[in-house]
Amino acid sequence: MTTLSEAYRDHPIHLHHIIPLDFDSVQAVPDSHVWPQSDKYSPSSGVLLPSDEHFSIPIIDLMDPTAAARVRHACETWGAFQLTSHGVSSCLLEDVEHEARRLFSLPARQKMKALRLPSGATGYGLARISPFFNKFMWHEGFTIMGSSADHARELWPYEYKRFCDVMDNYQTKMKALAERLLLLILESLDISKEEMNYSSLVHASEKGACTALQLNNYPSCPNPNQAMGLAPHTDTSLFTILHQSDTMGLQIFQDGVGWVSVCPIANALVVNVGDLLHILSNARFHSVLHRAVVNQTQHRLSIAYFYGLPADSQVSPASKLVGSGQLPIYRSLMVKEYIKMKAEHLDKALSLIRI
Ligand SMILES: C=C1C[C@]23C[C@@]1(O)CC[C@H]2[C@@]12CCC[C@@](C)(C(=O)O1)[C@H]2[C@@H]3C(=O)O
Ligand SMILES: O=C(O)CCC(=O)C(=O)O
Ligand SMILES: [Fe+2]
């Protein structure tokens with residue numbers, strides 16, 4: 001069985017020689033981090049603040065009996081929503097944020113001890129999408145797949161346990177929440193439990209879903225209009241569950257509207273559709289283009305939990321959604337094949353598997 005780490009290890013992105021900037025020591029944005037102002041991807045291009053509810057992603061209460069219909073509407077129109085009453089305690093959200101903050105506050109030379117290896121997928125470093133852009137991002141990340149013990153021991157040789165315990169507990173709670181959400185999402189696509197039992201998806205998730213936890217750090221920036229926190233991308237996951245600290249920064253792209261800010265709501269989690277759900281739903285649900293911008297005064301953190309399918313499983317538009325006049329838009333392929341395409345072609349990957 002191919003693990004997610006192996007699937008990513010098979011497609012190294014040659015970033016190990018580039019280390020994140022020591023953000024604490026800079027007074028101005030270096031040219032290497034200045035993004036062009038002219039195109040639609042520039043950090044300051046057409047941003048809408050969600051003062052009007054038509055321009056903000058829906059807020060869905062997981063306990064609401066109409067949650068499935070709301071999820072369908074949110075995933076069809078926005079590709080994202082904010083989830084409340086999800087059952088993850090505010091204490092755990094505070095703990096995971098605190099531990100992430102503790103990690104990123106370490107001196108640069110200490111963080112380097114956990115630098116992602118050339119052939120590795122986990123540890124400290126730049127975002128995997130970095131090689132696709134000719135400017136660097138105002139960002140540093142730390143990726144966890146399963147246990148974080150090996151890297152944590154390098155960072156805190158004598159007191160790594162607290163960090164590992166919080167990350168383990170958080171991943172356990174996120175997995176349980178993701179499994180509940182998956183059922184709700186399938187229900188929202190009108191795929192019944194019986195049909196689900198036969199679907200490749202459920203067989204695949206029995207093999208063990210592939211998950212990853214990404215800690216993202218966006219230090220305050222002397223000129224936020226010039227810098228980019230995390231460049232526009234879609235996630236490779238089925239869906240992603242994101243906790244953001246209470247500083248604005250996440251934006252999603254809505255066709256015909258532009259970049260819409262996703263305001264932090266205390267204790268709400270942001271759920272966004274990823275590429276695998278886009279394929280599975282035969283493009284009914286949109287894997288949403290999103291990015292993170294930075295701030296002059298406040299430092300921002302986010303913790304993303306990627307819920308995917310096993311690398312060795314097959315993904316295709318669900319059979320319930322195709323037929324009777326509806327043709328499959330995407331061909332069937334192995335998840336690891338899609339990871340490879342994403343590593344090589346980034347945002348072109350979906351169009352390369354269109355039938
Ligand atoms: C499972 C994963 C998804 C991810 C690549 C990774 O191996 C772990 C990091 C994830 C992340 C976080 C920042 C944005 C993103 C596009 C990236 O560069 O690394 C995602 C990746 C993804 O969704 O493809
Ligand atoms: O920091 C954010 O709000 C977005 C993070 C993100 O998109 C990711 O980790 O994939
Ligand atoms: Fe993302």
Side-chain angles (χ1 to χ4, degrees), residues 3-13 15 57 79-80 82 97 100 104 116 119-133 136-146 148 171 174 178 209-219 228-253 259-264 268-278 287-295 299-311 335-336 338-347 349-350:
T3 63
L4 190 60
S5 312
E6 285 160 356
Y8 279 101
R9 192 191 55 202
D10 291 346
H11 309 292
I13 43 171
L15 282 176
I57 61 170
Q82 304 231 36
E97 195 180 312
F104 292 118
R116 196 187 298 125
S119 59
T122 60
Y124 175 72
L126 304 183
R128 279 189 70 90
I129 51 174
S130 299
F132 290 92
F133 300 90
F136 290 114
M137 299 172 213
W138 207 260
H139 167 269
E140 54 186 340
F142 187 84
T143 311
I144 299 170
M145 291 177 183
S148 54
Q171 289 185 89
M174 282 293 127
C210 273
T211 67
L213 191 65
Q214 168 82 10
L215 314 182
N216 294 306
N217 190 42
Y218 309 94
M228 178 64 78
L230 192 57
H233 66 278
T234 61
D235 295 342
T236 310
S237 55
L238 274 172
F239 54 85
T240 304
I241 307 175
L242 184 95
H243 165 68
Q244 48 175 341
S245 64
D246 65 359
T247 301
M248 296 271 276
L250 174 62
Q251 296 175 345
I252 65 168
F253 192 78
W259 290 104
V260 178
S261 296
V262 179
C263 287
L269 294 164
V270 180
V271 179
N272 68 269
V273 174
D275 296 347
L276 297 180
L277 183 54
H278 181 103
S287 66
V288 65
L289 188 66
H290 56 286
R291 68 180 186 181
V293 296
V294 290
N295 190 292
H299 157 201
R300 177 170 180 271
L301 276 164
S302 74
I303 291 113
Y305 180 79
F306 300 93
Y307 187 73
L309 290 170
V335 170
K336 62 183 173 194
Y338 187 72
I339 289 175
K340 176 176 190 290
M341 295 181 89
K342 195 82 190 271
E344 289 171 359
H345 306 284
L346 196 65
D347 55 338
L350 274 180

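Whatever order the structure lists them in is the order used to number ligands and atoms, beginning at 1.
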A.B. asks: Thr236 versus ligand 1: do any nitrogen or oxygen atoms come within less than 3.5 Å of each other?
C.D. replies: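 Yes; at least one N/O pair falls below 3.5 Å.
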A.B. asks: Against heavy atoms of Thr143, which atoms of ligand 1 measure under 4.0 Å?
C.D. replies: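 With Thr143 as reference, the close atoms of ligand 1 come out as 8 (C).
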A.B. asks: Heavy-atom contacts under 4.0 Å between Ile129 and ligand 1: side chain, backbone, both, or neither?
C.D. replies: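 Contact part for Ile129 vs ligand 1: both backbone and side chain.
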A.B. asks: Starting from atom 4 (C) of ligand 1, locate the nearest protein heavy atom and write down its residue, its atom name and how far away it is, to 0.1 Å.
C.D. replies: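 Sorting protein heavy atoms by distance from atom 4 (C) of ligand 1 puts Tyr8 OH, 4.3 Å first.
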A.B. asks: Run the numbers for me: atoms of ligand 2, each under 4.0 Å from some heavy atom of Ala304, listed by number.
C.D. replies: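 This gives 9 (O) as the contact atoms.
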A.B. asks: Which atoms of ligand 2 have any heavy atom of Tyr218 under 4.0 Å away?
C.D. replies: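 This gives 1 (O), 2 (C), 4 (C), 5 (C) as the contact atoms.
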A.B. asks: Write out the residue and atom name of the closest protein heavy atom to atom 9 (O) of ligand 2, then the distance separating them to 0.1 Å.
C.D. replies: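 Of the protein heavy atoms, Asn216 ND2, 2.9 Å lies nearest.
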A.B. asks: Has His290 got a side-chain atom pairing as donor or acceptor with Val288's backbone, closer than 3.5 angstrom?
C.D. replies: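 It does hold such a pair.
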A.B. asks: Go through the steps to decide whether Thr143 and Gln214 satisfy the test side-chain hydrogen bond (donor to acceptor under 3.5 Å, both in side chains), and finish with yes or no.
C.D. replies: CA-CA 5 Å; Thr143 311; Gln214 168 82 10; 2.6 Å; yes
A.B. asks: Nearest 0.5 Å, please: how far is OG1 in Thr240 from CG in Asp235?
C.D. replies: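 Those atoms lie 3.5 Å apart.
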A.B. asks: Strictly distance-based, threshold 3.5 Å: is any side-chain N or O of Trp138 a donor or acceptor partner for the main-chain N or O of Pro219?
C.D. replies: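 Checking the backbone N and O of Pro219 against the side chain of Trp138, a donor-acceptor pair under 3.5 Å is found.
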A.B. asks: Quick one: does Glu6's side chain have a donor or acceptor within less than 3.5 Å of a partner on Thr3's backbone?
C.D. replies: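 Yes.
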A.B. asks: Is His233 reaching over with its side chain to a backbone N or O of Ala231, donor-acceptor style, under 3.5 angstrom?
C.D. replies: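 Looks like yes, one N/O pair under 3.5 Å.
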A.B. asks: Check the pair Asn295 / Thr247 against side-chain hydrogen bond (donor to acceptor under 3.5 Å, both in side chains), numbers first and verdict last.
C.D. replies: CA-CA 8 Å; Asn295 190 292; Thr247 301; 5.8 Å; no
A.B. asks: Go through ligand 2 atom by atom and flag the ones less than 4.0 Å from a non-hydrogen atom of Arg300.
C.D. replies: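 Result: 1 (O), 2 (C), 3 (O).
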A.B. asks: Does an N or O anywhere in Arg128 fall below 3.5 Å from an N or O of ligand 1?
C.D. replies: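 By distance alone, the answer is yes.
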A.B. asks: Take Tyr124 and Phe142 through the ring pair (Phe, Tyr, Trp, His ring centres under 6.0 Å) test and state the conclusion after the steps.
C.D. replies: CA-CA 4 Å; Tyr124 175 72; Phe142 187 84; 7.3 Å; no
A.B. asks: Taking only heavy atoms of Ala127 into account, list the atoms of ligand 1 that are under 4.0 Å away from them.
C.D. replies: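 Checking each atom against Ala127, I get 18 (O).
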A.B. asks: Going by atom types alone, do Glu97 and His243 pair a side-chain donor with an acceptor below 3.5 Å?
C.D. replies: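 Judged by distance alone, the side chains do pair up.
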A.B. asks: Within ligand 2, which atoms have a heavy atom of Asp235 less than 4.0 Å away?
C.D. replies: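 Counting atoms of ligand 2 from 1, those under 4.0 Å from Asp235 are 10 (O).
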A.B. asks: About how many Å separate CE of Met174 and CG of Leu269, when rounded to the nearest 0.5 Å?
C.D. replies: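 The distance works out to 5.0 Å.
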A.B. asks: Suppose I only count heavy atoms of Ala212 and a 4.0 Å limit; which atoms of ligand 1 are within that range?
C.D. replies: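 Every atom of ligand 1 under 4.0 Å from some heavy atom of Ala212: 1 (C).
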A.B. asks: Going by the order shown, which atoms of ligand 2 are within less than 4.0 Å of some heavy atom of Leu230?
C.D. replies: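 This gives 5 (C), 6 (C), 7 (O), 8 (C) as the contact atoms.
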A.B. asks: Near His290, which atoms of ligand 2 are under 4.0 Å from a heavy atom of that residue?
C.D. replies: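 Matching atoms, with element in brackets: 7 (O).
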A.B. asks: Provide the number and element of each atom of ligand 1 under 4.0 Å from a heavy atom of Gln214.
C.D. replies: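 In order of number, 9 (C), 12 (C).
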A.B. asks: Any idea which N/O/S atom from Asp235 gets closest to the Fe ion (ligand 3)?
C.D. replies: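 Restricting Asp235 to its N, O and S atoms, the minimum distance to the Fe ion (ligand 3) goes to OD1.
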A.B. asks: Would you mind running through ligand 2 and noting each atom that sits below 4.0 Å from a heavy atom of Leu250?
C.D. replies: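 Once the distances to Leu250 are compared, the set is 3 (O), 4 (C).
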A.B. asks: Looking at atom 2 (C) of ligand 1, is any protein heavy atom nearer than 4.0 Å to it?
C.D. replies: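 Looking at atom 2 (C) of ligand 1, one finds that a protein heavy atom does lie closer than 4.0 Å.
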A.B. asks: For the CE atom of Met145 and the CD atom of Gln171, what is their distance to the nearest 0.5 Å?
C.D. replies: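 One gets 10.0 Å once the value is rounded to the nearest 0.5 Å.
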A.B. asks: Near Leu242, which atoms of ligand 2 are under 4.0 Å from a heavy atom of that residue?
C.D. replies: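 Within the 4.0 Å cut-off of Leu242, ligand 2 contributes 3 (O), 5 (C).
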A.B. asks: How does Thr240 reach ligand 2, if at all, at less than 4.0 Å between non-hydrogen atoms: by side chain, backbone, both, or neither?
C.D. replies: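 No part of Thr240 is near ligand 2 at this cut-off.
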A.B. asks: Give the contacting part of His233 toward ligand 1: side chain, backbone, both or neither, where contact means a heavy-atom distance below 4.0 Å.
C.D. replies: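 Answer for His233: side chain.
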A.B. asks: We want to know whether Asp275 and Tyr338 form a side-chain donor-acceptor pair, criterion being a heavy-atom distance below 3.5 angstrom.
C.D. replies: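 Side chains of Asp275 and Tyr338: pair found under 3.5 Å.
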A.B. asks: Below 4.0 Å, non-hydrogen atoms only: which portion of Ala121 touches ligand 1? Side chain, backbone, both or neither.
C.D. replies: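 Neither; nothing of Ala121 gets under 4.0 Å from ligand 1.
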